[in-house]
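Report on the structure given below.
Values below: every heavy atom of this structure, side chains too, minus hydrogens, waters and symmetry copies.
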Amino acid sequence: MKYAELYESAKTPGEALDRLDKILVVLRGEDGCPWDREQTHESIRGCMLEEAYEVVDAIQEKNWDNLEEELGDVALQVVFHSGLASESGKFDLTSVINRECEKMISRHPHVFNENQAFFENNSLETVDKVLEKWENIKRKEKSGTQTDSMLQIPKALPALLRSYKVQKKAAQVGFDWDDVSGAFDKIKEETGELLESYRTGTQDDIKEELGDLLFAVVNVARFLHVDPEEALNFTSEKFIRRFHYIEETSAQQGRRLEEMSLEEMDKLWDAAKSKE
């Protein structure tokens, strides 16, 4: 059988990665798949984002079988990009993994440093201390300004999450409200400015002020230790659940939503809320 060795399940993580790497080499080869041969870093860029989101969904759903599958899809993207880079002589899968190993060792000196004196003088007994040490080491590695560290936050992140990370970077050097009351006041201020832009401004003015308001809301979320992405997703799911009740109830009454008034739908909405 052609490629018989590729049909055999691997027994170790290293063998499994090697198997996947060899499969992609075949697919990218002269007798491989036309689609795979045409792909570039840019053409499959969106796949990495999509697969990562599917991993997060599986975790949230506690669907372990699906999580196993989706983690495999993410691994495929890592191997695929590494293979593309190897073909052009930039780097390869081995250097990618070795680089990550070296990074993890260097950022965990409290675990890997064999100097006993280091452990005695740098005891990291809490998660907060470990994270603080991690950030300090990252800053030394990047050796740039705080603005540089903000610019390194991926633009492809969801906007709420990216703004959350930007704000945390600013707070690390003291550019922050003293307490959450200042952040709440900023929401009021930005709401007023958005309303004024709605009344008298251009569409660009409205977009800018809406962005300022969302940024201010994220600031409050940060002070309250709430992930704004999770909060908004929770509310979206709640909205879908309640809207489903409205749609289902109206169908049981033999009515279409388009035929109902907003007041009638609001009553069903309130009924949905009361059932939660």
Atom CD of Glu68 with >12 non-hydrogen neighbours under 6.0 angstrom: no
Between Ser236 and Asn233: side-chain donor-acceptor atoms closer than 3.5 Å: no
Lys103/Glu100 salt bridge by N-O under 4.0 Å criterion: yes
Arg28 side chain vs Arg37 backbone, donor-acceptor pair below 3.5 Å: yes
Within-4.5 Å side-chain heavy-atom neighbours: Gln172 and Lys169: yes
Pairwise side-chain contact, Lys168 with Lys165, heavy-atom cut-off 4.5 Å (strictly under): no
Pairwise distance CD(Glu193) to CD(Glu208) - rounded to 0.5 angstrom: 9.0 Å
Side-chain (Gln146) to main-chain (Val173) donor-acceptor, under 3.5 angstrom: no
Pair Glu189-Asp185, side-chain contact (heavy atoms from CB on, under 4.5 Å): steps then yes or no: CA-CA 6 Å; Glu189 176 187 332; Asp185 289 341; over 6 Å; no
Residue pair Ser181 / Asp179, side-chain donor-acceptor N/O under 3.5 Å: yes
Residues, nucleotides or ligands: over 12 heavy atoms within 6.0 Å of Glu263 CD: no
Minimal non-hydrogen separation, Ala183 against Phe223, with atom names: CB-CD1, 4.1 Å
Least distance between heavy atoms, Leu160 atom then Leu232 atom: CD1-CD2, 3.6 Å
Gln39 side chain vs Trp35 backbone, donor-acceptor pair below 3.5 Å: yes
Ser86 side chain to Ser82 backbone, donor-acceptor under 3.5 Å: no
Single-linkage hydrophobic cluster Val25~Phe80, side-chain heavy atoms < 4.5 angstrom: no
Pairwise side-chain contact, Ile187 with Thr191, heavy-atom cut-off 4.5 Å (strictly under): yes
Side-chain (Arg19) to main-chain (Glu8) donor-acceptor, under 3.5 angstrom: yes
Derivation and outcome, side-chain contact (heavy atoms from CB on, under 4.5 Å), residues His41 and Arg45: CA-CA 6 Å; His41 290 293; Arg45 178 181 56 186; over 6 Å; no
Tyr198 atom OH, neighbour heavy-atom count above 12 within 6.0 Å: no
Common cluster, Val220/Tyr164, ILVMFWY with side-chain heavy-atom separation under 4.5 Å: no
Tyr3 atom OH, neighbour heavy-atom count above 12 within 6.0 Å: yes
Spatial distance of atom CG (Asp57) from atom CG (Asn66) [nearest 0.5 Å]: 8.5 Å
Electrostatic pair Glu276-Lys238, nearest N-O below 4.0 angstrom: no
N/O donor-acceptor pair under 3.5 Å between Ser88 side chain and Ala85 backbone: yes
Closest heavy-atom pair and its distance - Ser274, Ala271: OG-O, 2.6 Å
Residue pair Arg255, Glu264: steps toward the salt bridge (charged side-chain N to carboxylate O under 4.0 Å, His left out) verdict: CA-CA 11 Å; Arg255 305 187 63 189; Glu264 289 174 316; 3.0 Å; yes
Glu30 CD: over 12 foreign heavy atoms closer than 6.0 Å: no
Side chain to side chain, Ile44 and Leu84, heavy atoms closer than 4.5 Å: yes
Interatomic spacing from CG in Asp18 to CG in Leu93 - rounded to 0.5 Å: 9.0 Å
Sidechain-backbone polar pair: Glu50 side chain, Gly46 backbone, donor-acceptor under 3.5 Å: no
Check: Asp92 main-chain N/O paired with Ser95 side-chain donor or acceptor under 3.5 Å: yes
Arg222 side chain reached by Asp176 side chain, heavy atoms, under 4.5 Å: yes
Close side-chain approach of Leu27 to Leu24, heavy-atom, < 4.5 Å: yes
Path from Tyr53 to Ile240 over hydrophobic side-chain contacts below 4.5 Å: no
Check against side-chain contact (heavy atoms from CB on, under 4.5 Å), Glu190 and Phe215: CA-CA 9 Å; Glu190 298 298 350; Phe215 198 82; over 6 Å; no
Check: Glu70 main-chain N/O paired with Glu54 side-chain donor or acceptor under 3.5 Å: no
Asp205 side chain to Thr202 backbone, donor-acceptor under 3.5 Å: yes
Beyond-backbone contact of Met150 with Thr145, side-chain heavy atoms, under 4.5 angstrom: no
Value rounded to 0.5 Å, distance of NZ in Lys2 from OH in Tyr7: 10.0 Å
Separation between CD1 of Ile59 and CG of Leu67, rounded to the nearest 0.5 Å: 5.5 Å
Greater than 12 external heavy atoms within 6.0 Å of Glu61's CD: no
Asp212/Lys186 salt bridge by N-O under 4.0 Å criterion: no
Smallest separation among heavy atoms of Val78 and Met48, with atom names: N-CE, 4.1 Å
Side-chain heavy atoms of Met260 within contact of Leu257, under 4.5 Å: yes
same_hphob_cluster(Leu151, Ile153) at 4.5 Å side-chain heavy-atom cutoff: no
Value rounded to 0.5 Å, distance of NE2 in His81 from OG1 in Thr40: 9.0 Å
Verify same cluster id: Phe91, Val79 (apolar side-chain graph, 4.5 Å): no
side-chain contact (heavy atoms from CB on, under 4.5 Å) between His244 and Arg241, intermediate numbers included: CA-CA 5 Å; His244 173 69; Arg241 191 168 59 248; 5.8 Å; no
Phe239 vs Trp269, ring-ring contact (aromatic ring centres under 6.0 Å, His included): CA-CA, chis, key distance, verdict: CA-CA 10 Å; Phe239 181 90; Trp269 178 269; 5.3 Å; yes
Closest non-hydrogen atom pair, Leu194 against Ile206: CD1-O, 3.7 Å
Least distance between heavy atoms, Ala159 atom then Glu229 atom: N-OE2, 4.4 Å
